[in-house]
Amino acid sequence: MSEAKDILVIANLNMDLILEQKDLHQTGRKKYADSFCLSPGGNGNNEASAAARLGVPVALAGMVGTDSFGRQLQESLAGEKTDCSLVQVTEKASTGLSLILSSAGQENTYWDIVGANACLDEAYIRSLEPQIAAAKLLVVGFGIPFDSAVLAMELARSHGTEVMLVAYQSRPLSDELLSLIDILVLDSREAATLAGIEITNLKSARIATGLLLKHGVRQAVLVHMKSRFLLAATNGGTRTLEAPRDYQLIDASAMDDTLAGVFAGCHVMGMDPERAAEIAYAAANLCGSRFGAHFSIPSEEELAELMA
């Protein structure tokens, strides 16, 4: 049985296969990539690692298959500070995979195989109720079945555990479901699904975050437009953080996860939303400035420097 942790992450676990392609204008039937990286990942893995590297006690729940990718993921998880005793192995499906095409200065393209992540059924979520009840913050995303994510949020609310929804794979949510969420983190592309407004600039981001708070989100909404800005909105106001003018986006594979994980860690440490957003955005930008998905997440030493 896993000991109680400040943060419980319930989300997808994937093996990431990342192709770096510098020339996006190749026209031949056969196209060439410039480099390749095989990286343990998935939103859950990345978010948990980013939070744990702050020194916050974090537990990760999810599923992998019995295949070689599943074994590699388990081996990599053992090297992190995250408590992975809740991660289960299933024979029902292969380990989740994400094929990522990365190009500097561009949004990544993803092809996902859900695999074992689809096996996080409601019975599994209910088995985690003691850990959900004991945590200060539940971090959950839609890389697992929707009904399971909702159940996890409902259980957290019933036990007084705060909820962070990382909605990078958005779908419409009712006001009732939004009211289960304390902190909502989303990419600017996903906001139109949730808020009904396409985000193209800071003005539209402010309108979207205001609507989401009005319709139920309890504490904060963070909207991230990679290489441009982060807007953190609370009922008390907004904080805008813009990327440095000379910022070079190399690989966005783990930027969003780093942002969410670091913000979660700062939040349970008691930081106010503005300071937490500042550190999380700096960490996300550092992550995006280098290639390698999970391997690009800032180290403990780098995060300590950002917090100093």
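Rounding to the nearest 0.5 Å places OG of S39 at 7.5 Å from CD1 of I100. One distance of note links CE of M225 with CZ of R189; it measures 9.5 Å at 0.5 Å rounding. Between the NE2 atom in H215 and the CG atom in L177 there is a gap of 14.0 Å [rounded to 0.5 Å]. Taken from CD in E190 to CD1 in I199, the straight-line distance is 10.0 Å, to the nearest 0.5 Å. Atoms CG and CZ, from L38 and F69 in turn, are 5.5 Å apart once rounded to the nearest 0.5 Å. To the nearest 0.5 Å, the span separating CG on D83 from CD on Q131 amounts to 9.0 Å.
In plain terms, the two heavy atoms of R171 and L194 that are nearest each other are O-CD2, 3.3 Å. In terms of heavy atoms, A59 sits closest to L86 at CB-CD1, 4.3 Å. Scanning both residues, I18 and G292, for their nearest heavy atoms gives CD1-C, 4.1 Å. Residues P40 and N45 come closest through the heavy atom pair C-ND2, 3.8 Å. The heavy-atom pair separating I183 from I181 by the smallest distance is O-CG2, 3.2 Å. When all heavy atoms of T258 and A284 are compared, the pair lying nearest together is CG2-N, 3.9 Å.
Both V89 and V9 are assigned to one and the same hydrophobic cluster, defined by single-linkage of ILVMFWY side chains at heavy-atom distances under 4.5 Å. When hydrophobic clusters are built by joining Ile, Leu, Val, Met, Phe, Trp and Tyr residues whose side-chain heavy atoms come closer than 4.5 Å, directly or via intermediates, V268 is grouped together with M307. Cluster membership check: V185 shares its hydrophobic cluster with M269, using side-chain heavy-atom separations under 4.5 Å among Ile, Leu, Val, Met, Phe, Trp and Tyr. With hydrophobic clusters built from ILVMFWY side chains whose heavy atoms lie under 4.5 angstrom apart, I7 shares a cluster with M271. Placement of L222 and I207 in two distinct hydrophobic clusters is found when ILVMFWY residues are connected by side-chain heavy-atom separations under 4.5 Å, directly or transitively.
Counting only distance, with no hydrogens or angles, the side chain of S98 and the backbone of D112 share no donor-acceptor pair below 3.5 Å. Between the side chain of T161 and the backbone N or O of I132, at least one donor-acceptor pair lies under 3.5 Å. In this structure, the side chain of R218 engages the main chain of S179 through a donor-acceptor pair within 3.5 Å. Looking at N235, its side chain never comes within 3.5 Å of a backbone N or O of L213 through a donor-acceptor pair.
E242 CD: 12 or fewer foreign heavy atoms inside a 6.0 Å radius. Remark: E300 CD is packed, more than 12 non-hydrogen atoms of other residues, nucleotides or ligands lying under 6.0 Å away.
Using cut-offs of 30° and 60° for the angle between ring planes, the F263 and H267 rings count as parallel.
Applying the side chain to side chain contact (heavy atoms under 4.5 Å, CB included) rule to T238 yields the partners R206, L231, A233; only residues at least two apart in sequence or on another chain are considered. Evaluation of the side-chain hydrogen bond (donor to acceptor under 3.5 Å, both in side chains) rule for R228 yields no partner, not counting sequence neighbours.
Inspection of the N46 and S49 side chains reveals no N or O donor paired with an N or O acceptor under 3.5 Å. Remark: the H224 side chain and the D256 side chain contain an N/O donor-acceptor pair separated by less than 3.5 Å. A donor-acceptor contact under 3.5 angstrom links the side chains of D67 and T95, judged on distance only. One side chain, N117 or N14, offers a donor N or O that lies under 3.5 Å from an acceptor on the other.
Legend: side chain to side chain donor-acceptor pair (under 3.5 Å) pairs involving residues 268-278, not counting sequence neighbours, sorted by first then second residue: R275-E278. Listed by first and then second residue, the salt bridge (charged side-chain N to carboxylate O under 4.0 Å, His left out) pairs that reach into residues 33-57 are R53-E80, sequence neighbours excluded.
Side chains of M15 and L73 form a contact here, defined as non-hydrogen atoms less than 4.5 Å apart. Two residues are said to be in side-chain contact when any heavy atoms from C-beta on lie closer than 4.5 Å; L97 and W111 fail this criterion. Two residues are said to be in side-chain contact when any heavy atoms from C-beta on lie closer than 4.5 Å; L180 and V163 fail this criterion.
Connectivity analysis of hydrophobic side chains (ILVMFWY, heavy atoms under 4.5 Å, direct or indirect) links I297 to nothing; its cluster partners are none.
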In a table with atom names and distances, give each donor-acceptor pair under 3.5 Å that connects a side chain of residues 147-156 to protein atoms at least two apart or in another chain.
unit_1	atom_1	unit_2	atom_2	d
S148	OG	L120	O	2.6

